[in-house]
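What follows is a short report on a single structure.
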Amino acid sequence: MAPFSSLPRKREPITGGEWIPACAGMTRKVRIALGLLGVLFAVLTTAPAVAEGVPLPAIPKAKGEKCVEEPQLMRRYHMEFLGHQRDATMRQGIRTTRHSLKECISCHAVDGTDGKPVTIKSEQHFCNACHSYAAVRIDCFQCHASTPEVPGRQAAR
Amino acid sequence: MSNKACDAGRRDFLKAAAAVVTLAPGVTLMSIPAAAAPRPADQPASATQRWGLLVDTTRCTTDCTACVSACRTENGISGHGRPATDPQWIRKIELRNETTGATHSLPMMCQHCANPPCVDVCPTGASFKRADGIVLVDRHTCIGCRYCMMACPYKARSFVHEDVEDQRPDVPRGVGTVEGCNLCVARVDAGGLPACVESCRSNGNGAMLFGDLNDPKSEIAQRVKTYATTQLRADLGLDTGVRYQGI
Amino acid sequence: MKTVAYSEVQGLTPGWMTLLGGLGALIAIGLGSAWYMEHNGHYVTGMSNQVVWGMPHVFAVFLIVAASGALNVASIGSVFGKTAYKPLAPLSGLLALALLVGGLMVLVLDLGRPDRLTVAMTHFNFKSIFAWNVILYTGFFAVVAVYLWMLMDRRMGGWVKPAGFAAFLWRLILTTGTGSIFGFLVARDAYNSAVMAPLFIAMSFSFGLAIFILVLMAAYRWTDRPLGDGIVRILKNLLGVFIAAVLYFVAVQHLTNLYITERHGIEAFILRDGGIYTFLFWGVQIVLGSLLPMALLFHPGLSASRANVALASLLVIVGGLAQVYVIIIGGQAYPLEIFPGMEVVASGFFDGQVAAYSPTAAETMLGISGFALAMAIVAVGATVLRFLPVSLADEG
């Protein structure tokens, strides 16, 4: 007998015109709003570069042509994409690359002064760029590697 | 942004066939003899398969730890010289039959039960069995209560007692959660073999066989059909996916 | 029957401040210990991959078991209609809630990821007895809170009995659940047994009442309220019976295991060869925690002294902690039998070996802070609301 909760947690399919995150309760919206407000506040006080007309903290440039989603959409909903991917990969073994955290990390790696990608400990890390402004704390990198796989590292060990 | 995700799904699907071989940089899937045709990346694991492992203890030798080292490398496991709390995914055990004196050497890991006690007891459902029989810990919902470790008859799981750094991107691991052998699920999903099996074949004595127990044509299904194999603690009726031959 | 007058305890007196100051310090040390454990990871504790549940679980299980037992006094009054117990009902309910809070705090702070408590509250695997316990604990708060309200609000008098009955039933189920956390562990010879549930219920009766007696005596002494010999006599006799009940179930547990050949190993370990566990079983649980208190409580001369009743209650608590220690730690220290008929010559993971466990100060202090929190809640509760009868002097 499969325990109920071992079924993947239900999320609504991401379809339809004006997409609203599946678990977008009031609180979620409020939190996003607060987070974005925080970003905005930080932006106004530090006056950094203005990227494509949207004021944001200095976000490191990514490798590759373009993001897997519209950057606009990514900024707001990356946690939803990641959460969805997490459950699909973990529970069902779906290994599409599009919303994979591993892929975000390979494209968004930022090289430090030593020429090697910085880890999440560095303020330079892509995933810290907004989070430290918006005072968002995530635990993902206690487990997930915050730098891309070093080629050959596995063999060298 | 209409139907964005639907389009995305379709695009992913088209890419999938090609994506398999380039999935993980650093993992050269081409050189690994495939256990089965790889499942497309966007397809969920299915109950038509049941992954299993057969250990031929007559081939496994005391001095060989190829499986253990391969597991550590593949999964980025390293200890702190504190054996009681260091991570533990696979271990070698030496046995002596109390009446006959016969000795055996074998690797021991999660037995991937069809009726896993760890899954039964887990309060949050973080311990779960995937459709294809692989027993995993969803470390996103594991609260670190360790009840699964109390329940497991095989001591197959360990609790991450200290901060982990330098994880491999394919194998996230972190403090405060429970972990154990996952049959190298990412490799298996890509059509590859678990690292221990691969290493046993190339650096060890070829004592481990991986495959689909549900596929009557697979080598493992043939072997368990032809020879007497043992499920550890068979009295518990757990129907383990890992079987032993020769003990 | 005359109505009983209740009153609050006077707060902020020097004695009160000292008590709460002391308890507060213990709680602070416990929280500090938890932080230290979480910050460094559990390797700084005595717990390991062999003994996965340690001192925090001993205290947590003890407190949770005692919590449901502490409610008995109220149940005997409300459900079984024994008038002598009725004035004690509010304190009994308060103590039950407080002990449960203390136990749960310890349990939660020992989790590998206490930050994910919300996950535990939102994801339920209904096959897990642990998940059921989460529901039972939460429900216990609600049921007992309603019961207390019925008890303390005069207008609700008519509802006391049904509410008391519901609480009684709930607590029986709750302790069955706690016992089954161990009873359902199919793989371990030390646990896997249906007797765990009734054993835990008997333990709860005994531990809960022992704590209740001590709290009652202390409260009445420190607030200069009269406490009659009659009520003490009733309670101490009841405690004696409960101790005997625990002994009975312990005997059944071990006799069953002694009969089953497969389990001779674990029995020999606990009863004869287990070193510290054997000592704790015979020396502390049986002699110090059961036989000696029974003698103190039933001996016609000795039991007349209130100090002896208090001592007996204290011994029951010490013996109870030892019993839970033997069950939880002893049961894990004994190796799992994975290969029946085979001897493990060597293993990379301690197979076939008795596991070592020595609790560190941090995990022990975390456990003790659960006690302290429970007592602090009782003290504050009795200060702000009328839980204690003004007098418990013997009538007539």
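Throughout, protein chains are lettered first and strands after them, A, B, ... in sequence-line order, and every chain is numbered starting at 1.
Evaluation of the side chain to side chain contact (heavy atoms under 4.5 Å, CB included) rule for B/Pro83 yields C/Phe350 as partners, not counting sequence neighbours. Legend: residues meeting side chain to side chain contact (heavy atoms under 4.5 Å, CB included) with B/Thr65, ordered by chain and number and at least two apart, are B/Val68, B/Ser69, B/Lys92.
In this structure, A/Arg91 satisfies the cation-pi test against B/Phe128, with its NZ or CZ atom closer than 6.0 Å to the six-membered ring centre and inside 45 degrees of the ring normal.
For the residue pair B/Asn203 and B/Ser199, a side-chain donor N or O sits within less than 3.5 Å of a side-chain acceptor on the partner.
With respect to A/Glu149 and B/Arg168, a salt bridge is recorded, a charged nitrogen being found less than 4.0 Å from a carboxylate O.
Both the backbone and the side chain of B/Ala45 come within less than 4.5 Å of a heavy atom of chain A.
Close approach to chain B, defined as a heavy atom under 4.5 Å from one of its heavy atoms, is seen in A/Gln142, A/Cys143, A/His144, A/Ala145 of residues 137-145 of chain A, taken by number.
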Only pairs under 3.5 Å count here: list side-chain donor-acceptor contacts from residues 176-185 of chain B, not counting sequence neighbours, and write none if there are none.
from, atom 1, to, atom 2, distance (Å)
B/Thr177, OG1, B/Gly174, O, 2.8
B/Glu179, OE1, B/Arg173, NE, 2.9
B/Glu179, OE2, B/Trp89, NE1, 3.2
B/Glu179, OE2, B/Arg173, NE, 3.4
B/Glu179, OE2, B/Arg173, NH2, 2.8
B/Asn182, OD1, B/Cys184, N, 2.8

